[in-house]
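Note sheet for the following structure.
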Amino acid sequence: MGFEKQTTKWPRPLAESFYRRPTAIVARSLIGKTLLHRNDDRIVGGVIVETEAYLADGDPACHAARGMTPRNATMFGPPGRLYVYTIHAKYCLNAVTQRAGVGSAVLIRAIQPRWGVPQMQQRRGQQATDRLCRGPSMLCQALAIDLQHDGVCLTEDSSIWIGRAVERIATERIIAVPRIGISQAKDLPLRFLLQDSPFVSGPKYWHRTGARS
DNA sequence: TCTATGATACCCT
DNA sequence: GGGTATCATAGAT
């Protein structure tokens, strides 16, 4: 049984049932979970610290709001898949939620780097660990994820997966605030982040705590 | 085919 | 805090 000792224990993938729930619930639950990408037998990834929910109903900011197109078709597929799209010549990475036929997903905006940091630094041309994955496009660049990964299954043993948390996050530290970077439905508190985390993108909410200035 | 449009990030002030 | 490079997509022509 020395077999088990030789196998590094990466976080196990979350089941499809995790994603088969209301999108805002999934978005909040993803805080603290892990996102990993294996290529060339190396694992790169970290802890999710910021997400945004994009709802199937009553959410004009959601790509699916005006029906299915070739671009957003993955959103209407089964839950637990990766939805990748381009914006401003850059990539964004989402996890599909709810059920097939419903267009909804969670945008993963930032992670705290944990595995393969040197590779992230090389890909990003950036040394500071708090600038490697702060924002959806930075995240894709650091993890080497692009359009070819659109539709990849996150729940089975594949090259990209979302795994269990490596340490417990107190629920009080997860806060909901309005989404950023959109022009419609700006007021809905569908952006979830880990308070006090320097790895979160956009306007800083942690300054309120006095932890930073 | 052509063109407007972003769920951005970077550089500059 | 503001200007803008950059490009896949979708809808117009």
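Throughout, a chain's letter reflects where its sequence line sits, starting with A, and its residues are numbered from 1.
- Under the side chain to side chain donor-acceptor pair (under 3.5 Å) criterion, A/E50 pairs with A/R109, A/R191, A/S201, not counting sequence neighbours.
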For residues 140-151 of chain A, please give each side-chain donor-acceptor pair under 3.5 Å, one per line with the distance, not counting sequence neighbours.
residue	atom	partner	partner atom	Å
A/Q141	OE1	A/R124	NH1	3.0
A/Q141	NE2	A/R123	O	3.2
A/D146	OD1	A/Q148	N	3.0
A/D146	OD1	A/Q148	NE2	3.4
A/H149	ND1	A/D146	N	3.0
A/H149	ND1	A/D146	O	3.4
A/D150	OD1	A/T74	OG1	3.1
A/D150	OD1	A/V84	N	3.0
A/D150	OD2	A/T74	OG1	3.1

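- Within 6.0 Å of CG in A/N39 there are more than 12 heavy atoms belonging to other residues, nucleotides or ligands.
- Qualifying salt bridge (Lys or Arg N to Asp or Glu O under 4.0 Å) partners for A/E16, counting only residues two or more places apart in sequence or in other chains: A/R20.
- Shown here are the salt bridge (Lys or Arg N to Asp or Glu O under 4.0 Å) partners of A/D157, two or more places apart in sequence or in another chain: A/R38.
- Scanning for salt bridge (Lys or Arg N to Asp or Glu O under 4.0 Å) contacts around A/D59 gives A/R179, with sequence neighbours left out.
- With side-chain heavy atoms closer than 4.5 Å counting as contact, directly or through intermediates, the hydrophobic cluster containing A/L190 also holds A/L55, A/L188.
- Within a heavy-atom distance below 4.0 Å of DNA chain B, the residues of residues 53-82 of chain A found are A/Y54, A/A61, A/H63, A/M75.
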Donor-acceptor list for residues 158-172 of chain A side chains, cut-off 3.5 Å, not counting sequence neighbours:
residue	atom	partner	partner atom	Å
A/S158	OG	A/C153	O	2.7
A/S158	OG	A/I160	O	2.8
A/W161	NE1	A/P11	O	2.9

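- Contacts of A/T51 classified as side chain to side chain donor-acceptor pair (under 3.5 Å), with partners at least two apart in sequence or in another chain: none.
- With pairs defined as Watson-Crick or G-U wobble and both atom distances under 3.5 Å, the stems of at least three pairs that touch DNA chain B come out as B:1-6 with C:7-12, B:8-12 with C:1-5.
- For A/H37, there are no side chain to side chain donor-acceptor pair (under 3.5 Å) partners two or more places apart in sequence or in a different chain.
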**Request:** Between protein and nucleotides 8-13 of chain B, map the contacts as a letter string: B base, S sugar-phosphate only, - none, heavy atoms under 4.0 Å, written 5' to 3'.
**Result:** BSS---
